[in-house]
Number of protein chains: 2
Amino acid sequence: MPYPISRPTMRDVAERAGVSPKTVSNVVTGTVPVSEKTRTRVEAAMVELDFVPNLSARGLRNGRTGVIGFALPDLATAFSASIAHSVVEAAHARGLVVQIEETAFEPAREYDLVYRARTHQIDGLILNPVRLEDSVVDHVQHLPPVVLIGEVEQHSTDRVFIDSRQAGRTAAQHLMEQGARRIAVLGGTTTDMFAKQATLGQRLQGVLDAFSAAQVKAAPELQVDVRWSIAGGADAMREILAREVEFDAVFAFTDSIAVGALHVLHDYGLRVPEDVLVMGFDNVEHAAYTWPPLTTIGFDHKDYVTAALDLLASRVADRNAPTRAVEVAHTLIPRRSTQGPPRGHTPPASP
Amino acid sequence: MPYPISRPTMRDVAERAGVSPKTVSNVVTGTVPVSEKTRTRVEAAMVELDFVPNLSARGLRNGRTGVIGFALPDLATAFSASIAHSVVEAAHARGLVVQIEETAFEPAREYDLVYRARTHQIDGLILNPVRLEDSVVDHVQHLPPVVLIGEVEQHSTDRVFIDSRQAGRTAAQHLMEQGARRIAVLGGTTTDMFAKQATLGQRLQGVLDAFSAAQVKAAPELQVDVRWSIAGGADAMREILAREVEFDAVFAFTDSIAVGALHVLHDYGLRVPEDVLVMGFDNVEHAAYTWPPLTTIGFDHKDYVTAALDLLASRVADRNAPTRAVEVAHTLIPRRSTQGPPRGHTPPASP
DNA sequence: CTGAAAGCGCTTACAG
DNA sequence: CTGAAAGCGCTTACAG
C-alpha cells in the first residue's frame with residue numbers, strides 16, 4: 001500500500017463517526033470524559049482510517065512537543081553513551097522522546113542547540129556544557145528550560161552534579177593508601193584548570209587537596225592534558241612515559257582515558273598493579289572487564305539522569321521557581337588495578 | 001531576564017519593520033529574493049525582538065520538520081554509540097537533527113517508534129531492527145520513509161548492510177589460517193539462526209561456510225547464545241568454559257562481546273593468543289586498545305551512516321522510487337589477538 | 001519585489 | 001457530554 005500524500009485528520013474521523021472534531025479530540029487526549037457509545041464509534045473510525053494525530057499541529061496549539069533535547073560533547077565515549085542511554089530510557093518512561101545533539105566541544109554548536117530549543121521544537125534541554133567560562137547559558141537572552149549536567153559553577157540554572165573535588169580527593173587518597181606517592185594525573189594541568197573545563201578543574205583540585213593533606217608535593221611534570229577518549233588516554237600515557245619521570249600510579253579522569261593508559265602501560269612492559277596502580281572515573285560497564293579490572297569512582301547513572309529529568313520537568317512547569325542544584329552521591333569502587341603497593345616505574349638513566 | 005511567556009512572531013517583526021508577514025517569511029526562508037533595503041530593516045527588527053521562528057508552525061505548514069529518527073536496540077554498547085555518533089554528526093552536516101529511541105530488543109517499542117514517525121514529528125526513520133521475522137516494517141499500513149540498517153532480508157524497504165555472511169566466512173577462515181580448528185562462536189546457535197536475528201544468523205552461516213570449505217566439522221557445543229554486551233560476552237565465555245570442551249579460538253560477533261570474553265579468558269589463566277585466539281566484529285575504538293589488541297572485522301561507520309542518510313533523503317523526496325539496498329565494504333583487521341598458532345585449551349579431565 | 005487571504009491540524013474557551 | 005468558532009504561527013498560491 002503506497003504511503004498516502006495526505007493523512008486523515010480529526011475532521012475526517014469526526015465525519016466518519018458522525019461527531020464533531022472536538023469530540024474526536026476529547027477521545028484522543030482523554031482530558032474530557034466521553035460517553036462509552038461515542039468513544040467506541042470514534043475509536044472505530046480512527047482504526048478504519050488509520051488515523052494518527054499530527055504532533056506538529058498539537059505542538060503549535062499547546063506550545064509543548066513532548067520532546068526534550070540532550071546535548072553533550074561526544075556521544076561515542078563510553079560514559080556519554082551510558083548517560084545518553086539512561087536519558088533515553090528515563091524519558092521514554094515519562095512519555096518523552098529525546099533529540100540528541102553533539103557539541104563537539106565547540107561553544108558555537110552549543111549555542112545553536114539552545115537556539116533550536118527556542119524554536120519550540122523541544123520543550124527543554126539537558127545540557128552537558130563544554131566549558132565553564134563561555135557557556136552559552138550566560139550568553140543567551142531568552143533561555144528555554146535548561147538543566148545542566150556536570151560540575152559547572154553556575155547558579156542561574158538548575159543543575160545536577162557529583163562532588164568532583166571530593167571524588168578527586170578520595171581517588172588520590174586511595175592511591176596513596178595503597179602506597180603510591182608519585183601519581184600521574186591524566187586529566188589536565190594546573191595552569192588551565194579553572195580556565196578550561198570545570199569538571200577537570202575540580203577533580204584536579206581534589207587531587208591537590210589530598211596531596212596537601214598527606215604532605216606530598218604536587219608534581220607538575222606528572223600532570224598532562226588529555227583528549228577525552230581511549231586514544232587520548234593512550235597519547236597522554238605515552239607523553240608521561242616520554243618525559244622519563246618516576247611514577248607509581250595513574251589517575252585517569254575517565255574510565256576511557258584509563259583504558260588507553262592501561263594499554264600503553266602493558267605495551268611498555270609495566271605491570272598493573274605490581275608496578276603501577278591505575279584508576280579511572282565513571283564506572284562504565286567496561287571498567288569491570290579490563291585486565292586487571294579497573295578501580296574507579298562510581299555513581300548511579302540512572303539516579304543522575306532521573307534527577308536531571310525531574311529538574312527539567314519542574315522548570316518546564318514553573319519558569320519562576322528558584323534554581324536548584326542536586327548532588328548525586330559517588331563512591332570509590334576498588335578493584336585489582338589499584339591493589340598496592342606498587343613497585344613504581346623508574347625511567348632508564350639518560351644516555 | 002525572565003523567559004517570556006509568548007515569543008515574538010513574524011507578525012510582530014513585520015509590524016516593527018513596516019512590512020507584511022510574507023516579506024519576513026521571505027527573508028527568513030530565503031526562497032524569494034528580497035530587496036537589500038527591506039532585508040536590512042527586517043533583520044534589524046528580528047534582532048531587536050529576538051525573533052526565533054516557530055518550527056512547529058513551519059512543520060505544520062510544510063509537512064517537514066527537519067528531524068529524523070534513529071532507532072536502535074541499545075545506545076550504550078560501543079558499536080551502537082559509534083553509529084549513533086556518526087548519525088548525529090552526518091545529520092548535523094545536512095542541517096538535520098536526530099531523535100533517538102531505543103527499542104530494547106522489543107518489537108513493541110519498535111512499533112511505537114514507527115507510529116510516532118507517522119505523527120509527523122519526524123520526516124523519516126533510520127531503523128536498526130530488532131528481529132527479522134516480525135519487524136514492524138511488515139506490519140504497519142502506512143509506513144513513513146524508513147531506511148533499515150543491518151542484514152535484514154527485506155526487499156520492500158531501503159536498506160544499508162554489510163555482507164555479514166561473507167564477513168563471518170572471512171573471520172573463520174582467518175582463524176583457521178592461523179591454526180585454529182576448534183572455534184567457539186559467541187553469537188548464536190544454529191537452531192535459532194534464522195528465527196531470531198538476521199545479523200547473527202548470517203554471520204553464523206558464514207562461519208559454517210568456512211568450516212565446510214575447510215572440511216572442518218561444525219561443533220554445536222562450541223556455539224552459544226549471547227547478550228549483545230560486554231557482560232553478555234563474559235557470561236557466554238564462562239558458559240563455554242563450563243561445558244569443558246576443547247577450543248583454540250573464539251569468534252565473538254561484536255567487539256564488546258569479545259572484550260567480555262577476553263576478560264574471562266585472562267581470569268581463567270588462558271593466554272591470548274598463545275593458548276587461544278580471539279577476534280571480534282565492528283572495529284570500535286576500543287578494539288585497538290584491549291590487551292592484546294583485538295583482531296576484528298572493520299567497516300567505515302561514517303560511510304555506513306552516510307549511505308543510510310542518502311537513502312532516507314531520496315525516499316523522503318520520492319516515495320515511489322524503487323527500493324535500493326546499499327552494501328558497505330568490510331575488511332579483516334588483523335591484530336595480535338589472533339597471532340597463531342594457538343596451543344588450544346583442553347579442559348581438565350572429569351573427576 | 002511586496003501584500004491580503006486562506007489554511008496546515010489541532011485544542012481552548014464559550015455555549016448549549 | 002457535545003458542537004461551532006477562533007486561533008496557535010507559519011507559508012503557499014494568487015494578485016499587484
Side-chain angles (χ1 to χ4, degrees), chain A residues 4-43 45-46 49-67 116 118-123 142, chain B residues 4-43 45-46 49-67 116-123 142 144:
Chain A
I5 302 302
S6 66
R7 302 197 47 78
T9 69
M10 283 193 172
R11 211 173 127 179
D12 300 324
V13 174
E15 262 175 36
R16 182 165 195 117
V19 298
S20 80
K22 171 65 162 75
T23 303
V24 178
S25 173
N26 289 342
V27 170
V28 171
T29 59
T31 44
V32 180
V34 178
S35 73
E36 195 53 40
K37 197 179 134 200
T38 311
R39 140 167 293 118
T40 311
R41 263 222 318 280
V42 170
E43 282 170 349
M46 292 200 294
L49 295 174
D50 191 33
F51 169 77
V52 175
N54 182 320
L55 262 43
S56 283
R58 185 181 290 172
L60 174 58
R61 182 63 246 209
N62 286 343
R64 296 274 170 84
T65 59
V67 181
R116 182 163 319 111
R118 301 166 66 220
T119 64
H120 292 238
Q121 249 185 355
I122 59 181
D123 296 337
H142 304 293
Chain B
I5 303 301
S6 66
R7 302 198 46 78
T9 69
M10 284 192 171
R11 211 173 127 181
D12 299 324
V13 174
E15 262 175 36
R16 182 163 195 120
V19 297
S20 81
K22 170 66 161 77
T23 304
V24 177
S25 173
N26 289 342
V27 170
V28 170
T29 59
T31 44
V32 180
V34 178
S35 73
E36 194 53 40
K37 198 178 133 199
T38 311
R39 140 167 294 117
T40 311
R41 261 221 318 279
V42 170
E43 282 170 349
M46 292 200 294
L49 295 174
D50 191 32
F51 169 77
V52 175
N54 182 321
L55 262 44
S56 283
R58 185 181 289 173
L60 174 58
R61 182 65 246 206
N62 287 344
R64 295 274 172 84
T65 59
V67 182
R116 182 163 319 110
R118 300 164 68 221
T119 63
H120 292 238
Q121 248 185 356
I122 58 182
D123 296 337
H142 305 292

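Within every chain, numbering begins at 1; the chains are lettered A, B, ... in the order of the sequence lines, protein sequences first and strands thereafter.
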Atom CZ of A:Arg64 to atom C1' of C:dT11: distance rounded to whole Å?
14 Å
Winner on side-chain proximity to A:Asn62, out of C:dT12, C:dC10, D:dG9, is C:dT12
What integer distance in Å separates B:Arg11:CZ from D:dC10:P?
11 Å
Min side-chain heavy-atom separation A:Val42-A:Val13 under 4.5 Å
yes
Nearest-Å distance, CG (A:Asn54) to C1' (D:dC10)?
13 Å
Treating A:Ser25 as the side-chain partner and A:Pro21 as the backbone partner, does any N or O pair qualify as donor plus acceptor under 3.5 Å?
no
Can you sort out the partners of B:Arg39 under salt bridge (charged side-chain N to carboxylate O under 4.0 Å, His left out), two or more places apart, ordered by chain and number?
B:Glu43
Nucleotide of D:dG9, C:dT2, C:dG9 approaching A:Thr9 most closely (side-chain heavy atoms):
C:dG9
Reckon B:Val19 touches a base, only the sugar-phosphate, or nothing at all at heavy-atom distances under 4.0 Å?
sugar-phosphate
Counting only side-chain heavy atoms from C-beta out, which of D:dG9, D:dT11, C:dT12 sits nearest to B:Ser25?
D:dT11
Does some side-chain heavy atom of B:Thr23 sit less than 4.5 Å from a side-chain heavy atom of B:Arg41?
no
Closest nucleotide among C:dC10, D:dC10, D:dT2 to the A:Thr38 side chain:
D:dT2
For A:Leu49 and C:dG9, give me the distance from atom CG to atom C1', rounded to whole Å.
15 Å
Taking the side chain of A:Lys22 as its heavy atoms from C-beta onward, which of C:dG9, D:dG3, C:dT11 lies nearest to it?
D:dG3
So, taking the atom named CE in A:Met10 and the one named CG in A:Leu49, what distance separates them when rounded to the nearest 0.5 Å?
12.5 Å
Give B:Arg61 one of three labels, base, sugar-phosphate or nothing, depending on what nucleic acid heavy atoms sit under 4.0 Å from its own.
base
What's the separation between atom CG in A:Asn26 and atom OG in A:Ser20, rounded to the nearest 0.5 Å?
7.5 Å
Could you check how far CZ of A:Arg39 sits from P of D:dC1, rounded to whole Å?
10 Å
Just compare C:dT2, D:dG9, C:dT11 and give me whichever is closest to any side-chain atom of B:Ala57.
D:dG9
Quick check on D:dT2: is either OP1 or OP2 less than 4.0 Å from any side-chain nitrogen or oxygen of A:Ser35?
yes
If every non-hydrogen atom of B:Phe51 is compared with every non-hydrogen atom of B:Thr9, which pair is closest and at what distance?
CE1-C, 3.6 Å
Considering only C:dC10, D:dG3, C:dG9, which nucleotide approaches the side chain of A:Ser20 most closely?
D:dG3
Can you check whether B:Leu55 reaches B:Thr65 side chain to side chain, under 4.5 Å on heavy atoms?
no
Distance test, side-chain N/O of B:Thr23 to OP1/OP2 of C:dG3, below 4.0 Å:
yes
Grab the CE-C1' distance between A:Met10 and C:dT12 for me, whole Å please.
13 Å
If I take atom CG in residue B:Asn26 and atom P in nucleotide D:dG16, what distance separates them, rounded to the nearest angstrom?
18 Å
Applying the Watson-Crick and G-U criteria (both distances under 3.5 angstrom) with [ ] for crossing and | for other-strand pairs, one obtains for DNA chain D |||.||||||||.|||
Whole angstroms only, please: what is the CG-P distance between A:Asp12 and C:dG9?
8 Å
